[in-house]
Amino acid sequence: MASFTLHGIPVSRGIAIGRAHLLTPAALDVTHYLIGQELVEAEVLRLQQAIEAVRTELKTLWRDLPKDAPTELRAFIDVHVMILADPLLSEAPLEIIRTRHYNAEWALVTQIDELSAQFDEIEDVYLRERKADILQVAERVIKVLTGSAQQMPKVVGIDEIEAQMVVVAHDISPADMLQFRESAFVGFVTDVGGQNSHTAIVARSLDIPAAVGMSQASSLIEQDDWLIIDGDAGVVIANPSPLVLAQYRERQQEKQRIRKKLNKLKKTRAITRDGTFITLEANIELPADCAMALEAGAVGIGLFRSEFLFMGRGDQNRLPSENEQFEQYKRAVIAMKGRPVTIRTLDIGADKPLDVLEHTALNPALGMRAIRYCLAEPLMFLTQLRAILRASGFGPIKLLIPMLAHAFEIDQTLAMLEQAKAQLREEKVLFDEELEVGAMIEVPAAALSLPMFLKRLDFLSIGTNDLIQYTLAIDRVDYEVAHLYNPLHPAVLQLIAMTIEAGKKAGIPVAVCGEMAGDAKFTKLLLGMGLREFSMHPSQLLAVKQEILNSDLPLLTAQTRKILRIAEPAVIIQAVQQLQAM
Ligand code: PEP
Ligand code: MG
């Protein structure tokens, strides 16, 4: 068996070694035959029953999700339920059976082909991803019609090595990912998908090595091929030589050893060699994640992405009420036992759509998103502000506002907060009168107009994910431009450094809560820029802490000043690597 290597996009770190388990490609290749007039209604019924069976299947999947399943999974299953209920899928094919007398499978595929063609004409990436969802739903219906079930890797009776399977597919639906979790798979590779595609998000939260955007993987890799996924590099090696295999096994064991060693740092305070304490906080999506944050030794929550309370609400096609939100915020505050919880107000839009919204934006990343949406829906925003304020009566909360770019947006937000406070005072509800309010710095315009933020707010938090997206004009979810996503671009570094410096001068705390904060490659660089507050996914916290323990701030500060003067990107990369080794 010839060995070959494929390159794609790394989405989840680590090394996985196992045998390929190929998922059968799209089952949309179906038999075609015509139905006699007298059997048409029976064929219609057959399709209706298959659709109903899939609805039940999805609902069962939703209901049986384990408690610790990533939140996104519920949202993904909901999307599939909604697609299935759409008349374009649930009714149009019935009409095709009635008018053209096609068999059920053929009618469904005809309709899907038509929809696909329409999707192809829209160049919008987000919608393109929805096309994959539609195909996945259609495949489920066809599987029921044809009686062929997806073949899952079975674990029973296989020895441990044999059971290490790597799933290879053209695309994987997040709902299917869940079933893989129950089985023996150790990583996954797909032909399509971007760094922030739904499946990639699930893989990251499951902590499974993965690479996507491998274009030909599912046609080049054969069933049972030995595969190595290098999730750090986004590389897949098929049928490696015994030497390469041994090297990767060694690297894998080394990573496990490092992980074990890092676990010993859980209770160690994050203090640099010269004695400066660095605040390490956690990013969470739901109050239940607080347990993970505490376990990793986080001293607070630096980013609670509250939009996850609004997404994936199953059949409840409405927004969470004030009380529902209050209960959730209170849960997080109580779970953190006196440590601060930074709640970010609803950051909806772009790749995080709300079920109840119509999405018509031509370019969602530049459209109605986050604070823009909240200010356009004052009642909804006021409800959230009241819920957060009420929870602040139970422990320390900070309020974080996403995507601010204009002074009037800050002023309107603060005015609405005052309105919420006045209402609660009137109702004699206790809340924190001194609640701190901060801004996400994630639009270049914000980083370039810091005085207007510093004058009005209590703290800043740099969202590097969006700051990079908007500075470099690349959509975070578009895999075709993923190679342009560069945290070390001189423009990005200048904006981050300026923000940290301006905060320091004004005596206003600045944190970083984007992915850069959790990437140990950048810890020393950020420290050198003056950053003293990091917030990241709990799984990254110990690796960052280790860097901090090995940091000498005066040295890093001097070296980083030099890096910020370098104009040549390749030289910056080299200098940051040297900095990391210091
Ligand atoms: C960011 O933009 O860096 C950020 C933390 O927010 P999100 O990733 O939720 O957009
Ligand atoms: Mg953001």
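All values derive from a computational prediction rather than experimental measurement. We count ligands from 1, going down the list as the structure has it; atoms in each ligand are counted the same way.
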(message) So if I apply the side chain to side chain contact (heavy atoms under 4.5 Å, CB included) rule between Thr464 and each of Ile496, Asp519, Leu526, Val492, which one comes out positive?
(response) Ile496

Within ligand 1, which atoms have a heavy atom of [X] less than 4.0 Å away?
X	result
Cys513	5 (C)
Met440	4 (C), 5 (C), 6 (O)
Gly463	1 (C), 2 (O), 3 (O)
Leu303	5 (C)
Asp466	1 (C), 2 (O), 3 (O), 10 (O)

(request) Indicate yes or no: at least one non-hydrogen side-chain atom of Arg390 is less than 4.5 angstrom from one of Asn323. (result) yes

(request) Would you please test Leu488 and Leu493 for side chain to side chain contact (heavy atoms under 4.5 Å, CB included) and show each step? (result) CA-CA 6 Å; Leu488 294 184; Leu493 295 186; 4.1 Å; yes

(request) Please say whether Arg369 places an N or O atom under 3.5 Å from an N or O atom belonging to ligand 1. (result) yes

(request) Compute the shortest N/O to N/O distance between Glu515 and ligand 1 and return yes if it is under 3.5 Å, no if not. (result) no

(request) Measure from atom 1 (C) of ligand 1 to every heavy atom in Asn465, Leu467, Ile468, Val443 and give the option owning the shortest one. (result) Asn465

(request) From atom 7 (P) of ligand 1, work out which of Arg305, Glu442, Glu285, Gln469 has a heavy atom at the shortest distance. (result) Arg305

(message) I'd like to know if Lys255 and Asp232 make a salt bridge, using a cut-off of under 4.0 Å between side-chain N and carboxylate O.
(response) yes

(message) Quick test of your reading of the model: are Arg305 and Asp289 salt-bridged, counting only N-O distances below 4.0 Å?
(response) no

(request) To the nearest 10 degrees, could you say what angle the Mg ion (ligand 2) makes with OD2 of Asp466 and OE1 of Glu442? (result) 90°

(request) State yes or no: are the ring centers of Phe326 and Phe394 separated by less than 6.0 Å? (result) yes

(request) Report yes or no: do Ser306 and Gln384 form a side-chain donor-acceptor pair below 3.5 Å? (result) yes

(request) Indicate the atoms forming the closest heavy-atom contact of Ala298 with Leu541, along with that distance. (result) CB-CD1, 3.9 Å

(request) Examine all N, O or S atoms of Asp347, backbone included, and report whether one is under 2.8 Å from the Mg ion (ligand 2). (result) no

